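To keep things clear, I will list the structure first and then write my remarks on it.
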2 protein chains.
Amino acid sequence: MARTSDIFVTVDVVIFALRDDDLQVLLIKRKNQPFEGKWAIPGGFVHHAESLEDGAIRELYEETGVRGVHIEQLYTFGTLNRDPRGRMVTVAYIALVPAPLALHAGTDASDAQWKSIYALPEMAFDHADIVHYALKRLRYKLEYTAVGFRMLPPKFTLSQLQHAYETILGEKLDKRNFRRRILQAQVIEETGEMQSGDGRPAKLYRYREDSVAEVKARRLFP
Amino acid sequence: MARTSDIFVTVDVVIFALRDDDLQVLLIKRKNQPFEGKWAIPGGFVHHAESLEDGAIRELYEETGVRGVHIEQLYTFGTLNRDPRGRMVTVAYIALVPAPLALHAGTDASDAQWKSIYALPEMAFDHADIVHYALKRLRYKLEYTAVGFRMLPPKFTLSQLQHAYETILGEKLDKRNFRRRILQAQVIEETGEMQSGDGRPAKLYRYREDSVAEVKARRLFP
DNA sequence: TCAAAAGTGTTTGTGGTACACCCATGG
DNA sequence: CCATGGGTGTACCACAAACACTTTTGA
């Protein structure tokens, strides 16, 4: 039996948010070797007394101060030579956070910044692969589940929601079809409140916690 | 920073095959503590010089003598107290093997047997969860990809293929609709050969290696 | 000629897509 | 009254589902 105690397990979290009409991920500029000055996904070693998911939740909290948001396992990256310092197995997670946030720079970072997925900087390790895979998964998931809400405030208008979908998917959607489908899916409900703005006031909706977010039978947006 | 070198990484493989008109998984009866006498998914520690996927391929080969079959990462299980011997992180894989096989009992097993997914024995660790999750994923995947072939011999009839789908999904399918869809999807082609049997001979088909197995636009069997 | 499995089309319903105008408010 | 964004319905098309009989072979 091979020795295994020299395999290190890390959790990294691809944190998505909608900012400035753009889909962005939170990246950290490395201040140490290897890949000093390159950008990396927040993450670190799993603690001995925490589960993988708790580790991901902790990393998310340390970087953003946010708790209780949508987080899910993406994939586990375990090829050789991912990190020159040793054998690393990285369990990657996706987190969706609902709004722009003040950032806590972590101890392992000289800088943490939101970066557009359309203009990603040079990244450390295989983190570019991880972000691209996370984006693919997020878009795919949006087609048949209701995760879009998780990147909006608790109350939102249908236009905001459609805008979120369009920003994430990178394409325009038809307003009437969008509204019909999202309402038919019964995943949101009216709050009764209205939001005043530049034109006609809009109804505010909220996510229905009792709804079945996973639409198995048919995709929401094929 | 917590010590991490006492976290062990294992790969376990849920190996599916169609046997006796039944969907079965390969399980190993444990001959050591903990869970002595209970059944477990084949697996073991990742070697230092192999990737996770190579580890899964190796485990599969050690148990079945099979190589070159469909294998994919399922999920990584990393809660605490999964194994009384220490902190284990298990990267689970799914493998689909094309036919009944002679088995190599491994060094860590007193017995290896195919077990029906409808009559699973008492299992060690959280392996029952892993098998159930693997089954869910296999069925889900079958609805929108062409993985069904991977559990058949290289040449097969449409009836055999339909039977495979029915066995995996656990439901009857309409013959005419099945044939129309699977042919429209362009994932298989005629070999030109026929298979004689009890009634009218059937055309033999093969998987088209050039096909796009992933049918994104619409599910094959919603 | 009979048993056993292979093979084949049509109809009906549902859901997806495309598309343009009126409404309510604030300035 | 005008600018701005909110809100609404219908017609067409493509695909899914339901459904029963004929064909080919071996015994």
Side-chain angles (χ1 to χ4, degrees), chain A residues 21 140 142-146 148 152-153 155-167 169 171-206 212 215-222, chain B residues 21 139-140 142-146 148 152-153 155-167 169-206 212 215-222:
Chain A
D21 285 350
Y140 186 74
L142 209 66
E143 289 175 348
Y144 63 95
T145 69
L152 290 176
K155 297 175 185 174
F156 49 85
T157 68
L158 287 181
S159 293
Q160 287 171 343
L161 183 60
Q162 181 178 347
H163 200 83
Y165 272 76
E166 288 174 341
T167 303
L169 294 174
E171 60 185 306
K172 287 279 174 208
L173 300 172
D174 180 88
K175 182 162 61 164
R176 279 169 292 189
N177 294 337
F178 179 85
R179 283 164 186 246
R180 186 184 317 115
R181 270 187 244 168
I182 208 84
L183 292 173
Q184 273 175 0
Q186 306 226 290
V187 289
I188 61 174
E189 61 188 4
E190 298 185 13
T191 62
E193 297 167 71
M194 303 290 279
Q195 184 181 72
S196 293
D198 214 1
R200 173 174 169 176
K203 289 180 183 171
L204 281 166
Y205 289 81
R206 74 168 75 89
V212 181
V215 178
K216 183 167 169 27
R218 203 158 297 281
R219 290 186 185 157
L220 258 55
F221 304 99
Chain B
D21 286 351
R139 285 180 170 163
Y140 186 75
L142 208 66
E143 289 175 347
Y144 62 95
T145 69
L152 291 175
K155 296 174 186 175
F156 50 85
T157 68
L158 287 181
S159 293
Q160 287 170 344
L161 183 60
Q162 182 179 345
H163 200 83
Y165 272 77
E166 288 174 342
T167 302
L169 294 175
E171 60 185 307
K172 288 278 173 209
L173 299 172
D174 180 87
K175 182 160 63 162
R176 281 168 291 188
N177 292 340
F178 180 85
R179 285 165 185 248
R180 186 185 316 114
R181 268 186 248 169
I182 208 82
L183 292 173
Q184 273 176 2
Q186 306 226 290
V187 288
I188 61 174
E189 61 189 2
E190 296 185 15
T191 62
E193 298 167 70
M194 303 290 279
Q195 185 181 72
S196 293
D198 212 0
R200 173 173 170 176
K203 289 181 182 171
L204 281 166
Y205 289 81
R206 74 168 76 88
V212 180
V215 178
K216 181 164 170 28
R218 203 159 299 279
R219 290 184 185 158
L220 257 56
F221 304 98

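Note that the structure is predicted; figures quoted are calculated from it, not measured. Residue numbers begin at 1 in each chain, while the letters A, B, ... track the order of the sequences.
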**Q.** Value rounded to 0.5 Å, distance of CD in A/Glu166 from CG in A/Leu161
**A.** 10.0 Å
Q. Would you say B/Tyr205 and B/Leu183 make side-chain contact, with heavy atoms under 4.5 Å?
A. yes
Q: Take the protein atom NZ of A/Lys172 and the nucleotide atom C1' of C/dC19, then report the distance between them rounded to whole Å.
A: 17 Å
Each nucleotide N or O in nucleotides 18-20 of chain D that has a protein N or O under 3.5 Å away: list the pair and distance.
| from | atom 1 | to | atom 2 | distance (Å) |
| --- | --- | --- | --- | --- |
| D/dA18 | N7 | B/Asn177 | ND2 | 3.0 |
| D/dA18 | N6 | B/Asn177 | OD1 | 3.2 |
| D/dC19 | N3 | B/Arg176 | NH2 | 3.4 |
| D/dC19 | N4 | B/Asp174 | OD2 | 3.3 |
| D/dA20 | N1 | B/Arg176 | NH1 | 3.3 |

Q. In chain order, what residues pass the salt bridge (Lys or Arg N to Asp or Glu O under 4.0 Å) check against B/Lys155, with sequence neighbours excluded?
A. B/Glu193
Q: Rounded off to whole Å, could you give me the CD-to-C1' distance for the A/Gln160 and D/dG6 pair?
A: 12 Å
Q: Rounded off to whole Å, could you give me the CZ-to-P distance for the B/Arg181 and C/dT8 pair?
A: 17 Å
Q.
Could you check whether any side-chain N or O of B/Thr191 sits under 3.5 Å from a backbone N or O of B/Arg206, counting only pairs where one atom can act as donor and the other as acceptor?
A. no
(Q) Can you tell me how far apart CD (A/Glu189) and CG (A/Leu204) are? Round to the nearest 0.5 Å. (A) 12.5 Å
Protein-nucleotides 11-14 of chain D N/O pairs under 3.5 Å:
none

Q: Starting at CG of B/Leu173, measure out to NE2 of B/His163 and round the result to the nearest 0.5 Å.
A: 11.0 Å
Please write out the pairs of protein N or O atoms and N or O atoms of nucleotides 2-4 of chain D separated by less than 3.5 Å, giving the distance to one decimal.
none

Q) Taking atom CZ of A/Arg181 and atom OH of A/Tyr165, what is their separation to the nearest 0.5 Å? A) 11.0 Å
(Q) OP1 or OP2 of D/dG5 versus the side-chain N and O atoms of A/Ser159: is any pair under 4.0 Å? (A) no
Q: Please state how far atom CG in A/Leu183 lies from atom C1' in D/dG6, giving the value in whole angstrom units.
A: 13 Å
Q: Grab the CG-P distance between A/Leu173 and C/dC19 for me, whole Å please.
A: 15 Å
Q: Measure the spacing between CG of B/Leu169 and OH of B/Tyr140 and express it to the nearest 0.5 Å.
A: 13.5 Å
Q) Can you check the B/Glu190 CD to C/dA6 P distance for me, whole Å? A) 15 Å
(Q) Under the rule for side-chain hydrogen bond (donor to acceptor under 3.5 Å, both in side chains), what residues qualify as partners of B/Arg180, not counting sequence neighbours? (A) B/Asn177
Q.
Nearest whole Å is fine: how far is C/dG7 P from B/Leu161 CG?
A. 12 Å
Q) For A/Arg179 and D/dG9, is the shortest distance between a side-chain N/O and OP1 or OP2 below 4.0 Å? A) no
Q) What's the spacing between B/Arg200 CZ and B/Lys203 NZ if we round to 0.5 Å? A) 8.5 Å
Q: Grab the CD-C1' distance between B/Gln162 and C/dA5 for me, whole Å please.
A: 12 Å
Q) With sequence neighbours excluded, what pairs up with A/Ser159 under the side-chain hydrogen bond (donor to acceptor under 3.5 Å, both in side chains) test? A) A/Arg179
